[in-house]
Each structure stands twice: as structure tokens, then as C-alpha cells.
Amino acid sequence: MDGARDPRSDETTEQAGKALAASGVAVRAAGADDVVAGVPPRWVALPETAEEIAAVLRVSEEHDLAVVPVGGGTKLHWGAPPSRCDVLLDTCCLNEVVEHEAGDLVVRAQAGLTVEALAEALAAKGQELALDVPVPGTTIGGLVATAIAGPRRFRYGTVRDLLIGITVVLADGTIAHAGGKVVKNVAGYDLGKLFTGSYGTLGVVADATFRLHPLPPSRTWAAASFARPVRSGPGGDAAEEAGAPEAVRLAGELHAALAAAAGSQAEPVAVELDWPDVTGPATVAVLVEGAASAERADAVRALLGPEARTVGERPGWWGRLPSAPPPSRDGARAETDAGRDEEPPAGRGETLLELRASPSRVAGALAAVHVTALETGTPAAVRGSAPAGVVHVALRADAGRTARFADALRARVEAADGRLVVLSAPPEAADGLDRWGRVGALALMRRVKERFDPGGRMSPGRFVGGI
């Protein structure tokens, strides 16, 4: 998608540019690195305070400019391309810890601060935000906007669970606060929950307040490998008949191990599945924190089976998104080393899916991924918090095969009351994909969008249903 902007006269564009410059906020012309999912903006605004964000949004409302917020830029390729993008609002200058009440285990941080920088500041006080963010360089604003969470979501929850306060700037320039350190609320709305996962379509996050946890005195991992299913090539029903029994067997073994670890009295804080090639072996890894973590990890290891091992350091793949295995020269999957410790993160040339299913149906969902990969001949990798019902699937295939994989897997997952979302896809594949699938609350979401952004200028078209 080229993402052509709405045609405007040179005079109108010049007036808008002058108004932005007169706002007192630093503004520059957009460049090649500022493209949002294929759509180039005209200007990049660099506010340094919530009041400067408000100034940019007031000018944008006056001149009908579409605004897309950005933090670290690590997930600008996630979500659908905006229908138009005039101003890229970059929060990089809002990068401070505003307040850290160590005694109350609470921190308030600006939207442009990276999660890594926050972790360093909190560690100096022996505390942490218990979210293993799988995309390096993610900012606090991006963390809230995409609602991304890593392995320890199993014990500590997600962004929505740890967020206790938020400051946002609405489309008309109104600054609103909710939760911790309340100054002003938007009556009747829980701003924290609404803005979490909203992809910048309701307004701009200026800062967020989180509940913290003490850093544990020790961490130990236990891990076990599981044998590969029978390998079969693509071939429709024949592939399904050949691959399904072994897929069901392996998925059942994985589910049993995951469930045993999740229910262990050793109280693990994370139980992760790594399946780097769904036609190959898989690994289940478990994290135990706190007092006597080594002994408790040994107890988990015993539950995982004779092939399990206890390791002091985290596996190299831990807390990362999956990266799809490349196809071999003949189109079949390449051999994959499930025990590798070094691996690049999921790249922009891959398609990344998020699969959600109830924990009791995870085995069926995993078998569905394997069978769908065989049917379509699509190299696929799976990783995530299966006992929490959330895993990610990475694909590397041409546009047609990617669409067939996504459609077939979604049909299987939705038939079991699960959900499949396309988080990102390369441009050549994106146009042929249904990104969101079935969404039961779409009418309500559109009413909320109308309430917060009646002009449809905040990241238009980025979210479900063209919101």
C-alpha cells in the first residue's frame, strides 16, 4: 500500500505547516525513516511536555490533520496502515521518570522512556516492572498502546493489570488523567483500560503509572525438549491425515507438560513454549523466582519428564518473539536447531500472528498450527505463554501462502472460541490478509472512538474495523 495522503492544495499545506511551527513545538519535515506501515507523514512533531502534545493536537484539529503517535518506532509496522498520516507525533523527548515512590512500589514514567531505561532506574532501588517486553527499544507509550507482554504475564499479568494511572491527551487537545495521582478524569471511562491496546486511535499517552515488584533474590529455569512429529509435505487432506495424529500426540505431550508446570506447587512465574519449527522438536521452559529457586526448579524439572534439565541462566530465546524458519531450496522447511541460544528477533519481512485460546484448548490450537503449516507448506514458528492462552506464530512465505495459512488457522481457532490476529505483515502480504477476524464488540468500539475522536484524526484506520 502506497498510503497516498488526501490531496490538499499547496496553500492549505503551507498554512498547516506554519501553524505547527507557530505552536512553539519543534517540528521537522518527515523523512524516509518516518513511514508508518507504508504511509509517509508530512511532518514530525517533537513535543517535550503534555502541554506541547496538546498544542500539536489543537493545531491538527483546526487544520484537519491526521496524527499518528510514535515512541521508539519498533512497532510502526504493526497494525493496519493509516488511511492518512499528516503528523507523526514523536514522544522521544518525553523520556524521564517523573516520580518513583519506592516505599509504595509505584512509578510514574513519561511515554517516550524506553522500558530498558526504566528497568535500569528501578533496579537501582531493587525493584522492577514485571513485564518482559519482547521487542527491544519499546517505550512506555508503545507498551501501553500495543498492550504487549512477555513470559511473566503468567504470574504478574499484562500491562492492563499493572497500570494504575495514566495521563493522556485527547484529539481536541484536552489533557486528562485517571488512576494514580488523579487531577482530572473523563467521567464514566476507565482511561487506562481504554488506551491499553488502542494503537494510538483514541489519543496520545503522555505518561503512565505502574505498580512495581521487588527484584527477586534469584532466578532459575527448568527446561525440557519434546520430539518432533512425523514430517509431511503439503498436500491438502493427505497432509492433514499424515500430520494430524502426530501433531495431536505432540500437542498433547506439550499441553501436559505445560499444565503440570503451571499447576506446580513450586509456583513458577512463567511457563513458556518454544517451537522454532512446527515440524520439528519443541521446548518447554519454566522460570522460578525467589527463595530456594534452584530447589523449586528441580521440583518442576521432575514434573517435565526424564529429558528435562535445570539451568541457572535463561535460555537465549526467552522473552523474544518467534522468528520463522526459512524454507529450504525445494520449498520444504529447513532443519531447525531447537537448542540454539542465538536468534534474531522477528523481522519486518515476516508475518507475525497472535493466537489466543483458553488454556484448556491450547493443545488443539497447537495441533491446528502444525496441521495448517503442513497443508499450506508454510514455515512457521510458535512461542509464548501457552498456559496463559497466548502464543505468537511467525511465518515466512509468499503472499498467497501466508493468506491461506492465516485463513485456515483462524477458521480452526475460531471454531474453538479462540482468536487469531495479524500483528504485522510485509507489504506484499498485508493487502490479502484479514488482520482482525471476528470481533464481537466492534459496535461498542466504534462508539468509544466517536466519543474520543469524533473527527477520526487519531491514527485513522490503524485498528480493528478501520477505527
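On a predicted model such as this, the values are computed, not experimentally measured, just so you know.
- When atom types are taken as modelled, the side chain of T91 and the backbone of L94 share no donor-acceptor pair closer than 3.5 angstrom.
- R401 places a side-chain N or O within 3.5 Å of a backbone atom of G377 that can act as its donor or acceptor partner.
- Residue pairs satisfying the ring-ring contact (aromatic ring centres under 6.0 Å, His included) criterion with at least one member in residues 291-314, sequence neighbours excluded, are absent.
- Side-chain contact between Y199 and I467: absent, with no pair of heavy atoms (C-beta onward) separated by less than 4.5 Å.
- For the pair L303 and A260, the tightest heavy-atom approach, listed with the atom from each and the gap, is CD1-O, 3.7 Å.
- Judged by distance alone, with hydrogens and angles left aside, the side-chain atoms of S459 form a donor-acceptor pair with the main-chain N or O of G200 at under 3.5 Å.
- Remark: side-chain polar atoms of D407 are not paired, donor with acceptor, to backbone N or O of R404 under 3.5 angstrom.
- Note: F226 and W275 fail the aromatic proximity criterion, with ring centroids not under 6.0 Å apart.
- Note that CG of L254 and CG of L366 are 6.5 Å apart. Values are rounded to the nearest 0.5 Å.
- When all heavy atoms of G112 and T139 are compared, the pair lying nearest together is O-CG2, 3.5 Å.
- A salt bridge is absent between R155 and E289; no separation between the charged side-chain nitrogens and carboxylate oxygens falls under 4.0 Å.
- A 4.5 Å side-chain heavy-atom check between E267 and R296 finds at least one atom pair inside the cut-off.
- Scanning all heavy atoms of the two residues, the minimum distance from A297 to A222 falls at O-CB, 3.7 Å.
- Nearest approach of A257 to L304, heavy atoms of both residues: O-CD2, 3.7 Å.
- The closest side-chain heavy-atom distance from M458 to F452 is not below 4.5 Å.
- Between E350 and P426, the closest heavy-atom pair is O-CD, 3.3 Å.
- Contact of the T201 side chain with the D453 side chain is not registered, since no non-hydrogen atoms from C-beta on lie closer than 4.5 Å.
- Side-chain contact check for I148 versus V133: some heavy-atom pair is nearer than 4.5 Å.
- Screening L194, T209, V144, D190 for a side chain to side chain contact (heavy atoms under 4.5 Å, CB included) involving I166 leaves a single residue, V144.
- Between the side chain of R361 and the backbone N or O of G418, no donor-acceptor pair lies under 3.5 Å.
- Each of R320, E354, R383 was compared with H392 under the side chain to side chain donor-acceptor pair (under 3.5 Å) criterion, and only E354 meets it.
- Once rounded to the nearest 0.5 Å, the distance linking CG of L409 with OG1 of T378 reads 10.5 Å.
- Here the closest heavy-atom approach between residue G389 and residue P359 is recorded as N-CG, 4.5 Å.
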Please lay out, stage by stage, how R410 and L353 fare under the test side chain to side chain contact (heavy atoms under 4.5 Å, CB included).
CA-CA 10 Å; R410 177 174 284 133; L353 314 175; over 6 Å; no
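- Between the side chain of R152 and the backbone N or O of V269 there is no donor-acceptor pair closer than 3.5 Å.
- For the pair L129 and V107, the minimum side-chain heavy-atom distance is 4.5 Å or more.
- A donor-acceptor pair is defined here as one N or O able to donate and one able to accept, closer than 3.5 Å; such a pair exists between the side chain of S218 and the backbone of G290.
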Mind running side chain to side chain contact (heavy atoms under 4.5 Å, CB included) on M445 and V439 for me, showing each step along the way?
CA-CA 10 Å; M445 295 168 72; V439 181; 4.0 Å; yes
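- No side-chain heavy atom of V390 sits under 4.5 Å from any side-chain heavy atom of F154.
- Side-chain atoms of R396 come within 3.5 Å of backbone atoms of A324 as a donor-acceptor pair (strictly under, hydrogens ignored).
- When each of H177, R108, Q110 is tested with D207 by the rule side chain to side chain donor-acceptor pair (under 3.5 Å), just one qualifies, namely R108.
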Verdict with supporting geometry, W436 and R419, side chain to side chain contact (heavy atoms under 4.5 Å, CB included)
CA-CA 9 Å; W436 308 102; R419 189 165 181 227; 4.2 Å; yes
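- To the nearest 0.5 Å, atoms CG (L287) and CZ (R314) are separated by 10.0 Å.
- Listed for the R446 side chain is a donor-acceptor partner under 3.5 Å among the backbone atoms of G465.
- Distance alone, capped at 3.5 Å, places no donor-acceptor pair between the E116 side chain and the P136 backbone.
- E272 and S385 form a side-chain donor-acceptor contact under 3.5 Å, judged by distance and modelled atom types alone.
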Stepwise side chain to side chain contact (heavy atoms under 4.5 Å, CB included) check, L355 with V413:
CA-CA 8 Å; L355 190 160; V413 169; 3.8 Å; yes
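- Looking at heavy atoms from C-beta onward, P460 lies in side-chain contact with S83 at the 4.5 angstrom threshold.
- How far CZ of R309 is from CG of D298: 13.5 Å, rounded to the nearest 0.5 Å.
- Here the straight-line distance linking atom OG1 of T167 with atom CZ of F195 works out to 11.0 Å at 0.5 Å rounding.
- The closest side-chain donor-acceptor pair between T138 and K75 falls under 3.5 angstrom.
- Annotation: the span from T196 atom OG1 to L143 atom CG amounts to 8.5 Å, rounded to 0.5 Å.
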